[in-house]
Chemist: 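The structure that follows is given in the form of structure tokens.
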There are 2 protein chains.
Amino acid sequence: MQDKTYSISDLAAEFGVTTRTIRFYEEKGLVHPQREGQKRLYTPADRVRIKLILRGKRIGMSLQESVEVIDLYDPEHNNEEQLHSLISTVTEKRQRLLQQKKDIDEMLAGLDEVQALCEQSLKDSHGK
Amino acid sequence: MQDKTYSISDLAAEFGVTTRTIRFYEEKGLVHPQREGQKRLYTPADRVRIKLILRGKRIGMSLQESVEVIDLYDPEHNNEEQLHSLISTVTEKRQRLLQQKKDIDEMLAGLDEVQALCEQSLKDSHGK
DNA sequence: AATTACGTTTACGTTAACGTTAACTTGGTC
DNA sequence: GACCAAGTTAACGTTAACGTAAACGTAATT
């Protein structure tokens, strides 16, 4: 059980963003680091949270939507109704993700074609 | 060989965007419809182009990057050097897409967990 | 002739996600 | 004690991707 902490520039360096970005996330209520005097101290949990936010960004999610997805994990769902609405949220998210995978696969197929044409063209001009 | 054309609202309706969006794309040089008097006329090729732009959007690409990807198809690559740089561009794009698929799969796995927990919880409370 | 539907241009407004100074504090180091 | 690196707050600036409103044209309908 280590209670390692990170400075803001630690995390900025690790994730390839600026410190401004991380402070901005706090400003928007996405993370809540502790303070040691003035300075922000990030726990491993904070770190993971930021990591997941950035993962969301990579696939085109807004910061808000990333947080929404992340917060699906914490159990603030007590009654049956909430559980059902949670499940339907999960189902919606999943649909979008599956569509995105389709889109990506189509685009990958396109790239494969382009590359094949390129290589063929190089081969031909070689034997000219 | 049909030379079907589409009005701007045809395409807007089909793709679930506003006409403003489509005009905006033209303003940015992403599409170049013909004119019949004042009115814009979109060819099937234009239509596909817009469709591909929106596909790019769905996976978080900027409009510019979508166009960049689309334009990989048209053969303005004559010499060997250009072909090589084209291939390396393709390779880069592919890397990003593969990373995105990873991200999506991770997120999907997370959603599966959440759903499983939900269903378990519902099952438990049923037998309470 | 008036309304309705669809189209046009021009231009200012908006939101998200930071970037970019500026001005200041704080803890070590030479 | 001067200096430097790393931190802080506060505030204005920027870009992308449209939204929104005004003011107008055109063709078909009533």
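Heavy atoms only: backbone and side chains are in, while hydrogens, waters and symmetry mates are out.
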Chemist: For a stem of at least 3 consecutive Watson-Crick or G-U pairs with distances under 3.5 Å, i pairing with j, i+1 with j-1 and so on, which stems involve DNA chain C?
Modeler: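 Looking at DNA chain C, the stems formed by three or more consecutive pairs are C:1-30 with D:1-30.
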Chemist: Using a heavy-atom distance cut-off of less than 4.0 Å, which residues of residues 29-43 of chain A contact DNA chain C?
Modeler: none
Chemist: Measure the shortest side-chain to side-chain distance between A/Thr5 and A/Tyr42 over non-hydrogen atoms and say whether it is less than 4.5 angstrom.
Modeler: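 Side-chain contact under 4.5 Å: no.
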Chemist: What residues, two or more places apart in sequence or in another chain, satisfy side chain to side chain donor-acceptor pair (under 3.5 Å) together with A/Lys57?
Modeler: none
Chemist: Is the distance from OP1 or OP2 of D/dA17 to the nearest side-chain N or O of B/Tyr25 less than 4.0 Å?
Modeler: no
Chemist: When you compare the side chain of B/Arg20 with that of B/Glu27, does any pair of heavy atoms fall below 4.5 Å?
Modeler: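 When only atoms from C-beta onward are counted, B/Arg20 and B/Glu27 do touch, with a gap below 4.5 Å.
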Chemist: Mind running side-chain contact (heavy atoms from CB on, under 4.5 Å) on A/Asp124 and A/Gln120 for me, showing each step along the way?
Modeler: CA-CA 6 Å; A/Asp124 290 353; A/Gln120 186 58 42; 3.0 Å; yes
Chemist: Give a yes or no answer on whether the side chain of A/Thr91 reaches the backbone of A/Ile87 with a donor-acceptor pair at less than 3.5 Å.
Modeler: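 It does hold such a pair.
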Chemist: Per the side chain to side chain contact (heavy atoms under 4.5 Å, CB included) rule, which among A/Met61, A/Lys28, A/Arg49 passes with A/Val67?
Modeler: A/Arg49
Chemist: Tell me the interatomic distance from B/Phe24, atom CZ, to D/dA21, atom P, rounded to whole angstroms.
Modeler: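 In whole Å, D/dA21 P and B/Phe24 CZ are 19 Å from each other.
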Chemist: Identify whether the distance between the nearest side-chain nitrogen and carboxylate oxygen of B/Glu106 and B/Lys101 falls below 4.0 Å.
Modeler: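 No salt bridge links B/Glu106 with B/Lys101.
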Chemist: So, A/Ser85 versus A/Ser88: side-chain donor-acceptor pair below 3.5 Å or not?
Modeler: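 Result is no, nothing qualifies.
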Chemist: To the nearest Å, give me how far apart CD1 (A/Ile22) and P (C/dA17) are.
Modeler: 16 Å
Chemist: Any heavy-atom pair between the side chains of B/Arg35 and B/Arg40 that's under 4.5 Å?
Modeler: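 A side-chain contact exists here, since the closest heavy-atom pair is under 4.5 Å.
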Chemist: Starting at NZ of A/Lys28 and ending at P of C/dA16, how long is that distance when rounded to a whole Å?
Modeler: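 In whole Å, C/dA16 P and A/Lys28 NZ are 6 Å from each other.
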Chemist: Among residues 52-71 of chain A, which ones have heavy-atom contacts with DNA chain C below 4.0 Å?
Modeler: A/Lys57, A/Ser62, A/Leu63
Chemist: Would you jot down, in residue-number order, the residues of residues 6-20 of chain A having a non-hydrogen atom under 4.0 Å from DNA chain C?
Modeler: A/Thr18, A/Arg20
Chemist: Going through the checks in order, is the side-chain contact (heavy atoms from CB on, under 4.5 Å) test met by B/Glu65 and B/Lys93?
Modeler: CA-CA 10 Å; B/Glu65 194 180 358; B/Lys93 300 291 178 194; 3.2 Å; yes
Chemist: Establish, from distance only, whether the side-chain atoms of B/Glu119 and B/Gln115 form a donor-acceptor pair under 3.5 Å.
Modeler: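 The criterion, which ignores hydrogens and geometry beyond distance, is satisfied for B/Gln115 and B/Glu119.
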Chemist: Between the main-chain N or O of A/Leu41 and the side-chain N or O of A/Glu36, is there a donor-acceptor pair closer than 3.5 Å?
Modeler: no
Chemist: Which residue pairs pass the salt bridge (charged side-chain N to carboxylate O under 4.0 Å, His left out) test when at least one of the two sits in residues 5-18 of chain B, sequence neighbours left out?
Modeler: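 Checked against salt bridge (charged side-chain N to carboxylate O under 4.0 Å, His left out) - neighbours excluded - the pairs reaching residues 5-18 of chain B are B/Glu14-B/Arg47.
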